[in-house]
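See structure below.
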2 protein chains.
Amino acid sequence: MATTIKDIAKKTGVSHSTVSRALSGNSLISSVTSERIRKAAIEMGYQASAAARSLKTNRSNVIGVILNSMDDPFFSGIVDGIDACAQEAGYSLFIAASQYDLKREKNIVKSMMEHRTDGVIICSSSFSAEQGRQLLRNQFPIVVINHQASQNFHYSIYHDDFDGSQQIARHLIALGHCKIAYLGNSLSGRTTIERFNGYETILKSAGITPLPEYVHQQSGGYAANGYSSAEYYLNLPMPPTAIMCFNDLMAIGMLKGLQDAGVQVPTQVSVTGFDNIPLSEYTNPALTTLDQPKRSIGREAMQLLLDLLGNNENNGIFEPKKKVLKGTLLIRQSSSVPPTPNHRQNLHE
Amino acid sequence: MATTIKDIAKKTGVSHSTVSRALSGNSLISSVTSERIRKAAIEMGYQASAAARSLKTNRSNVIGVILNSMDDPFFSGIVDGIDACAQEAGYSLFIAASQYDLKREKNIVKSMMEHRTDGVIICSSSFSAEQGRQLLRNQFPIVVINHQASQNFHYSIYHDDFDGSQQIARHLIALGHCKIAYLGNSLSGRTTIERFNGYETILKSAGITPLPEYVHQQSGGYAANGYSSAEYYLNLPMPPTAIMCFNDLMAIGMLKGLQDAGVQVPTQVSVTGFDNIPLSEYTNPALTTLDQPKRSIGREAMQLLLDLLGNNENNGIFEPKKKVLKGTLLIRQSSSVPPTPNHRQNLHE
DNA sequence: GACTCCATTGCACACGTGTGCATAACGATA
DNA sequence: TATCGTTATGCACACGTGTGCAATGGAGTC
């Protein structure tokens, strides 16, 4: 059995209230008593019971984090940022992955509610509206990251996907590309739409109307989805000279798919990613991509949540807050000038 | 304020004990009353307080997971496995990353002790012995994954690194390589030693004595560490024809480093990884590596912990258990026959 | 010496849940 | 009718901590 403040009280000959106050640094207790109690506590290996404390104070010092999958370099970058900020502030993290499964989502929400999580960070773009409402109904402070339905939540951190996508499109046009394709991930909702919008806007303002078949959606954002799309683009009557991929994973798959088909990147086709996951720097050729500040996004989300918790006396009055972070274009080796016409011929032999 | 069993009791006109029993499925309560209470509970949106329950029952239904970093595709694969198994069994996960920082480790351990975590899974190979003892002293059931100091803990899941490394070395020798290097990660302790041992054993049994400079250690296991090591090997008077890397991340960095230096893989140098992280299939060339069953390792660890918790009446009597899982060799494109002598010359021009 | 004031500590209750024991109701049996 | 057994429910306490309020005691003031 773990030692309690009563045990300490018995040993030091004071009441348990005195121990409680001494350990929490209450200045009412005389410094000599306080010191004596502190010493005994360490000696006896005392560890406060979070359960008892949370029961009494109605605060758990725990933050729930919901994501699709841990095994995704984009999300794990964000979580690392959340974790760093949370540890500094003395919070622990409940982390659970929904794996796009509604039943799991329900279980996760239930578990977080039972544990009276002080707040929740949702970085699963596809998190269902129903479960979100469930949390909101129970007054949980929620911060969402890159969620598709921003109107449902009052506090959110977003990456400016529209802007980022524009940066990439501008870069490709500046290189001289006209036949630019966009490969999306239909599962990611708002995110892929914004990125598509950025792409379309810039092309239009440059007087380019992409062929309808240049816009292709996959239901998933993994390397395998990118790989299989390479064939799709290569089989088009007039293949694109540049392919903007929804994210780095798909771009890496695309890279491999093109190369396996004997197509050279970037000589024959340029490929770009999105996110700047750690390995995107080490592909061959290194991936031109947009650096999303993942750790910063995580930290900002946690910081916003901490602000909410600190001032929760004026809970209802708080005005909604939506923070938008911009990324920066990283020009590496997977993008270059489009091939000259005779090169383009080569592609079809 | 959240609704409690007392609220339900008041509304249904019974005592709170009856409500407690009804909701926990106690057969003493008549089925009509039980049904009525259940209905009211759902209606009122009741969610049991985990804090109160855990205070009373001395079980938290929470498992602590300690790792170095979330942002590592090897560990996140394992955590995904742990998470899946935990959710099925009704456990929630406390996850925290130490980032190789002793102060953080201490905070993590303290937090887990305060929350009376039912058990702890350590998948940080470098987790300090002192903190481990701290947990053991407080009777926490602990399962370690791939930890370097197995003797300190009674329950552990290991990947057979010795065997895996042997498989790779045999493969390279079968291809005809003699000048085989091993690139290690000194931070990973036991793991890198075992892999080195496998390498050395097979080479010795094949009558090969590697040059001392072929064995090179980096303090870190990321792509950057692999990248910078490429130069080291290329500058040797007699460079190796095959490089076994500690893990996939380093191998991917190595791939890039060699290619940036104008060296062709696998024509001039073969490169192998370890772990089979998701992206290793999509490098150019695709990486020959050893598939560690990451999700299985995670599941096995969680399952072992569940076994410990289920039978904790005979806590002390439990005999130590050490489960070893073997990986399988994946031969892809980064390994091939060594270059013929005149090729080798080319390397030094 | 009686009084006030302040510093220090203890008492008692609360948080929400689980559970051993007593109690109540009721039918069956003698 | 008295007794017993069974079934269903309530009472009361416990888990470990925090906190408002009362109590104690000593020093200082008139």
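In what follows, chains carry the letters A, B, and so on, assigned in the order in which the sequence lines appear, proteins first and then strands, with residues in each chain numbered from 1.
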Nucleotide [N], atom [atom2] - distance to [atom1] of [X] in whole Å:
X        : N      : atom1 : atom2 : value
A:Ile5   : D:dA14 : CD1   : P     : 16 Å
B:Lys6   : C:dG18 : NZ    : P     : 13 Å
B:Lys56  : C:dC15 : NZ    : P     : 16 Å
A:Glu114 : C:dG18 : CD    : P     : 10 Å
B:His16  : C:dA14 : NE2   : C1'   : 14 Å
A:Met113 : C:dG16 : CE    : C1'   : 16 Å
A:Arg53  : D:dG18 : CZ    : P     : 5 Å
A:Asn58  : D:dT17 : CG    : P     : 17 Å

Distances under 3.5 Å only, N/O to N/O: pair up the protein atoms with those of nucleotides 21-26 of chain D.
none

Within the 4.5 Å heavy-atom criterion, are [X] and [Y] side-chain neighbours or not?
X        : Y        : result
A:Gln131 : A:Ile108 : no
B:Pro141 : B:Leu309 : yes
A:Phe75  : A:Ile145 : no

Item to check | Shortest non-hydrogen contact between B:Val62 and B:Thr117, atoms and distance | outcome: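 That closest heavy-atom pairing would be O-CG2, 3.4 Å.
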Can you tell me how far apart [atom1] ([X]) and [atom2] ([Y]) are? Round to the nearest 0.5 Å.
X       : Y       : atom1 : atom2 : answer
A:Tyr46 : A:Leu23 : OH    : CG    : 6.0 Å
A:Ser17 : A:Leu28 : OG    : CG    : 12.0 Å
A:Glu35 : A:Ser30 : CD    : OG    : 10.5 Å

Between [X] and [Y], do the side chains contain an N or O donor and an N or O acceptor separated by less than 3.5 Å?
X        : Y        : value
A:Gln99  : B:Asp83  : no
A:Asn138 : A:Gln134 : no
B:Thr18  : B:Ser15  : yes

Next on the checklist: Expected output is a numbered-order residue list: members of residues 29-46 of chain B with a heavy atom under 4.0 Å from any atom of DNA chain C. What is it?
Outcome noted: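 The stretch gives B:Tyr46 as the residues lying under 4.0 Å from the strand, ordered by number.
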Next on the checklist: Using side-chain contact (heavy atoms from CB on, under 4.5 Å), reason through B:Asn61 and B:Arg53 one step at a time and then give a plain yes or no.
Outcome noted: CA-CA 10 Å; B:Asn61 277 345; B:Arg53 176 174 295 163; 5.7 Å; no
Checklist entry - Reckon B:Ser20 has a side-chain N or O less than 4.0 Å from the OP1 or OP2 of C:dT17? => result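 Checking C:dT17 against B:Ser20, no side-chain N or O comes under 4.0 Å of OP1 or OP2.
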Next on the checklist: For D:dG10 and B:Ser15 - does any side-chain N or O of the residue sit under 4.0 Å from the phosphate oxygens OP1/OP2?
Outcome noted: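 Yes, B:Ser15 has a side-chain N/O under 4.0 Å of OP1/OP2 on D:dG10.
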Checklist entry - Roughly how bent is the helix from C:dG1-D:dC30 to C:dA30-D:dT1 end to end, in steps of 10 degrees, with each end axis from five pairs? => result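 The end-segment axes of the helix from C:dG1-D:dC30 to C:dA30-D:dT1 are tilted 70° relative to each other.
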Next on the checklist: Quick check for you: among C:dC13, C:dT19, C:dG16, whose closest atom lies nearest to any side-chain atom of A:Leu55?
Outcome noted: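 It is C:dG16.
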Checklist entry - When you measure from the side chain of A:Thr57, which nucleotide among D:dT17, C:dT17, D:dG18 comes out closest? => result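 Between D:dT17, C:dT17, D:dG18, the one nearest the side chain of A:Thr57 would be D:dG18.
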Next on the checklist: Is there, by distance only and without an angle test, a donor paired with an acceptor across the side chain of B:Ser17 and the base of D:dC11 below 3.5 Å?
Outcome noted: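 Side chain to base: pair present.
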Item to check | Verdict with reasoning, A:Ser92 to B:Ser111, per side-chain hydrogen bond (donor to acceptor under 3.5 Å, both in side chains) | outcome: CA-CA 7 Å; A:Ser92 297; B:Ser111 165; 2.7 Å; yes
Next on the checklist: Base, sugar-phosphate or nothing for A:Ala51? Non-hydrogen atoms, less than 4.0 Å.
Outcome noted: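 Answer is nothing: A:Ala51 stays at 4.0 Å or more from every strand.
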Item to check | Residue whose closest nucleotide on DNA chain C lies nearer the 5' end, A:Thr18 versus B:Ser24 | outcome: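 On the 5' side of the pair lies A:Thr18.
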